[in-house]
Structure formats: C-alpha cells, structure tokens
K.L.:
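First the structure, which I've put down as structure tokens, then a few questions once you've had a look.
The shown structure was predicted, so the numbers you read here are calculated from the model rather than taken from an experiment. Order of appearance sets the numbers: ligands from 1, and atoms from 1 within every ligand.
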Amino acid sequence: MLPPSPIIDELLAAAYGRAESHHEGVVADYIPILAEADPEAFGLCIVDVQGGLHELGDTRTRFSIQSISKAFVYALVCQEFGHEKVLDVVGVNNTGLAFNSVVAIELNDGHPMNPMVNAGAIATTALMPGDTPGQKWDAILAGLSAFTGRTLDVDDVVYRSEAATNTRNHAIARLLESYGRITHDPLDVVDVYTRQCAISVDARDLAVMAATLADGGVNPVTGTRVVSAEVARDTLAVLAANGLYERSGEWLFEIGLPGKSGVAGGLVTIAPGKAGIGSYSPRLDSAGNSVRGQIATAYLSRSLGLNVFASASHFASAKPASRTSEETR
Ligand code: GLN
C-alpha cells in the first residue's frame, strides 16, 4: 500500500529536490537531434494502480521514448506468442555489454540474448504481428497508445535524424539475418524499430505505461486491459534483469524494482501492485541511463518502501544486526 496522497506529494518533492541538485552526466549525441535537448529539463511523475496522479516539474515536455519502447513492444509480442516462444527466440539473459554491442551477438552464436538490447529489440520488432512493415508499425503504435491511454505519434525530426545515422543498427540486423535469427528484410525491420524509438511521449505518459504493468496489464487510467497479468509479470522479470543494460545489477541493488531507460532521458520504474514512476532528464551516465531519474527513483523506492526484495522479520522484537548506511542515503 502507498501512503496517503499528501505524503506521496511530499516525498515526490523531496526526491525531485535531491535529484535536481545533480548536474553530472551528458546528453546523448550519437543521434544528432538528441544533443539539442535542454540538459536542465526534469519531470517526475507517479501514477498509482488506482490511476491517482502525482507530478512535478517538466512532466508535459515531449521527448522520444527510445529504448523504453522495447519493454512495451516486448509485452505486445509476449501477448501474441507466449512465454516459451519469446524465451527461445529473444532470450532473457543480460549480455553484460552495452545496449548496441555487436560483440555480444558474436559471443552468443548470433542469439540476441534479451529484448532490452538493440539486437533483441530488433528481433522482437520483427516478431510483431503483421505481414508488412506497415502492419507491424500500426500494431506497435496502437499497442503503445493503449499503454499510455492516448493516441501517440512519431516525432518526425527525431525519426529522420536517427534513420539517417543508424548504420550500427543496420549492421546488427544484418548480423542477426546472417545467423538466421530474423527472416524479414533486416532494413525494413530497423526502419520500424527506428520509428518506434521516435514515438513522442512525456513523463506522465511513461508513468501511466509503468502503472499499467504494475496493475497486471490493465491501464489504471482508462480501465482497459492491454496485456494479460502473466505477460506483465514476464515483462517485469526481463526488465529487472536487463532494463538498465550492463548497470542492471547496480540498479536492482540500489532500487530493487524493474525499470527501463531510454537515451533521450526517459526512465520508467514499476512497483508491482502499487504504482508506476516516469521521469525525464536528459543527462545520462556512461551506460545511457538518466542520472537524475536514477537518483529520484532511488529516493522514492526507499522512502515509499517499494523495494521488492525488502521484508521485515515477523519477530517484532528482533534487533537490527548492525546499523546500515540506509539512513544516510
Ligand atoms: N534508438 C536508440 C538506438 O537504437 C535507442 C537506444 C536507447 O535508448 N538506449 O540506439
């Protein structure tokens, strides 16, 4: 259970203030247009599983969803094909390498490893229902719009900027093709993937999307079931292991919740059965994860008691083994 609304608002403000004092990290520039983002922009939003909204800062500033789309497209593909097929075709294990690693594919006999790195995401997009790239794209846009509860569209400037420069994703898709891991035209698949990454969202949208996964696949704002509870569960397991790429272990250790980052500065975090958190702040760490988003989310996880690994002894009188650094963080 979350605390009453005024307390959530207070903790949201404290999380925001703590993260706002951080100026480290750099705005992504390998997709040229992303370099133009305001490095100081910062929005933070919580949506609980009853649809209650708490927000602060630039929560209505639009940015491209980027890799966060991978989580939701994966959920749509799981819904279509089920647990076994996605486990076999895409996998669930962390590569321990960067999101756009080519070496990771080679080291694993052409297996894309997991849907949160580019190779696995491209393989997942290829699995979307539809015979043509246009049909796959329509299914992605409709599916992600159901997760947000509003009709989404593409930021055409971002799409064109990435489409003109994403030779690396072309190479990844060709490599997957060479291993027989995708059977569709690889450049067509990358084009759909690039479009899905350029979908325009804000921090509030991300919080609603996250809350939908937190609510067993039902969008708590619209009341629409988007995916099954089993699919939501499987998606969260994959996010816990891979959502922040090679930093997923540190993230889980500090925050204890499934999450997913994107290079435009978005971040979603899911507290199962409780709430979704969405944030936007474009300065990134070296793995491509929003610095302020991580700091704010860590504070919220601790102060709202969201860490899924936390438990209290049923022996009420048990003394702590030793004082931890928890109070000081
Ligand atoms: N569209 C980006 C890419 O393919 C997404 C990467 C990300 O957000 N980490 O490189």
Side-chain angles (χ1 to χ4, degrees), residues 25-37 62-74 90 94-105 112-126 137 140-141 144 152 154-176 182 186-201 203 205-206 209 238-239 242-248 251 259-269 278-291 293-294:
V26 287
V27 176
D29 61 2
Y30 78 98
I31 299 170
I33 191 70
L34 296 186
E36 292 176 22
R62 293 283 174 85
F63 54 91
S64 51
I65 190 168
Q66 296 298 340
S67 277
I68 298 168
S69 65
K70 294 168 178 171
F72 298 94
V73 172
Y74 179 69
V90 192
N94 201 299
T95 63
L97 293 165
F99 66 80
N100 57 1
S101 176
V102 172
V103 172
I105 306 170
M113 293 303 283
N114 76 72
M116 301 304 143
V117 292
N118 289 12
I122 290 166
T124 303
T125 295
W137 166 245
I140 288 172
L141 194 63
L144 266 58
L152 295 169
V154 166
D155 183 328
D156 221 49
V157 177
V158 173
Y159 165 70
R160 278 188 274 114
S161 182
E162 184 164 1
T165 53
N166 62 353
T167 47
R168 192 174 181 92
N169 285 337
H170 290 167
I172 287 171
R174 285 272 187 224
L175 194 53
L176 292 175
I182 51 176
L187 300 192
D188 282 350
V189 177
V190 172
D191 185 62
V192 176
Y193 165 79
T194 306
R195 254 177 232 282
Q196 104 188 21
C197 288
I199 288 174
S200 179
V201 291
D205 290 327
L206 293 185
M209 295 174 95
V238 170
L239 291 184
N242 307 295
L244 280 86
Y245 317 115
E246 69 273 32
R247 295 266 164 81
S248 297
W251 162 269
K260 183 75 204 86
S261 60
V263 282
L267 181 64
V268 295
T269 307
S279 64
Y280 171 57
S281 176
R283 284 209 191 89
L284 311 177
D285 68 15
S286 59
N289 304 317
S290 171
V291 173
Q294 292 179 80

K.L.:
Enumerate the atoms of ligand 1 whose separation from the nearest heavy atom of Tyr30 is less than 4.0 angstrom.
P.N.:
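Contacts of ligand 1 toward Tyr30, numbered from 1: 2 (C), 3 (C), 5 (C), 6 (C), 10 (O).
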K.L.:
Between Asn166, Thr125, Asn169, which is the residue that forms a side chain to side chain donor-acceptor pair (under 3.5 Å) with Thr194?
P.N.:
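That would be Asn166; it is the only one of Asn166, Thr125, Asn169 passing the side chain to side chain donor-acceptor pair (under 3.5 Å) with Thr194.
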K.L.:
For ligand 1, is any non-hydrogen atom under 4.0 Å from Glu162's backbone (N, CA, C, O), its side chain (CB onward), both, or neither?
P.N.:
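It is the side chain that touches ligand 1; the backbone stays farther off.
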K.L.:
Please work out, at 4.0 Å between heavy atoms, whether the side chain, the backbone, both, or neither of Val263 comes within that distance of ligand 1.
P.N.:
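The part of Val263 near ligand 1 is both the backbone and the side chain.
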K.L.:
Run the numbers for me: atoms of ligand 1, each under 4.0 Å from some heavy atom of Gly262, listed by number.
P.N.:
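Reading through ligand 1 atom by atom, the close ones are 8 (O).
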K.L.:
At the 4.0 Å heavy-atom cut-off, does Asn100 count as touching ligand 1?
P.N.:
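For ligand 1, residue contact (heavy atoms, under 4.0 Å) with Asn100 is absent.
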K.L.:
Sub-3.5 Å donor-acceptor pair from the side chain of Thr269 to the main-chain atoms of Gly259, do we have one?
P.N.:
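Absent.
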K.L.:
Just which atoms of ligand 1 are under 4.0 Å from any heavy atom in Cys197?
P.N.:
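Under 4.0 Å from Cys197, ligand 1 has these atoms: 1 (N).
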K.L.:
What is the closest protein heavy atom to atom 7 (C) of ligand 1, and at what distance does it sit?
P.N.:
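Going by distance alone, atom 7 (C) of ligand 1 is nearest to Ser67 OG, 2.5 Å.
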K.L.:
So which heavy atom in the protein is nearest atom 2 (C) of ligand 1, and how far is it from that ligand atom?
P.N.:
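Heavy-atom neighbour on the protein nearest atom 2 (C) of ligand 1: Gln66 OE1, 3.2 Å.
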K.L.:
Has the side chain of Glu162 got a donor or acceptor atom that lies under 3.5 Å from a matching backbone atom of Val158?
P.N.:
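Here the side-chain-to-backbone pair does not exist.
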K.L.:
Between the side chain of Ser161 and the main-chain N/O of Ile33, is any donor-acceptor distance below 3.5 Å?
P.N.:
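Indeed, once roles are kept as given, a pair shorter than 3.5 Å links the two residues.
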K.L.:
For ligand 1, indicate whether the residue Asn166 contacts it via side chain, backbone, both or neither (heavy-atom separation under 4.0 Å).
P.N.:
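No part of Asn166 comes within reach of ligand 1.
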K.L.:
Short question: side chain of Arg168, backbone of Asn100 - any donor-acceptor pair under 3.5 Å?
P.N.:
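Yes, Arg168 side chain to Asn100 backbone: donor-acceptor pair under 3.5 Å.
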K.L.:
For the pair Asp285 and Arg247, find out whether any cationic side-chain nitrogen is under 4.0 Å from an anionic carboxylate oxygen.
P.N.:
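Salt bridge between Asp285 and Arg247, a charged N being under 4.0 Å from a carboxylate O: yes.
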K.L.:
For ligand 1, which is the ligand I care about here, please tell me if Tyr245 has any N or O atom under 3.5 Å from one of the ligand's N or O atoms.
P.N.:
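Indeed, backbone or side chain, Tyr245 has an N or O that close.
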K.L.:
When the ring planes of Tyr280 and Phe63 are compared, do they come out parallel, tilted or perpendicular, using 30° and 60° as the limits?
P.N.:
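Aromatic pair Tyr280/Phe63 classed parallel.
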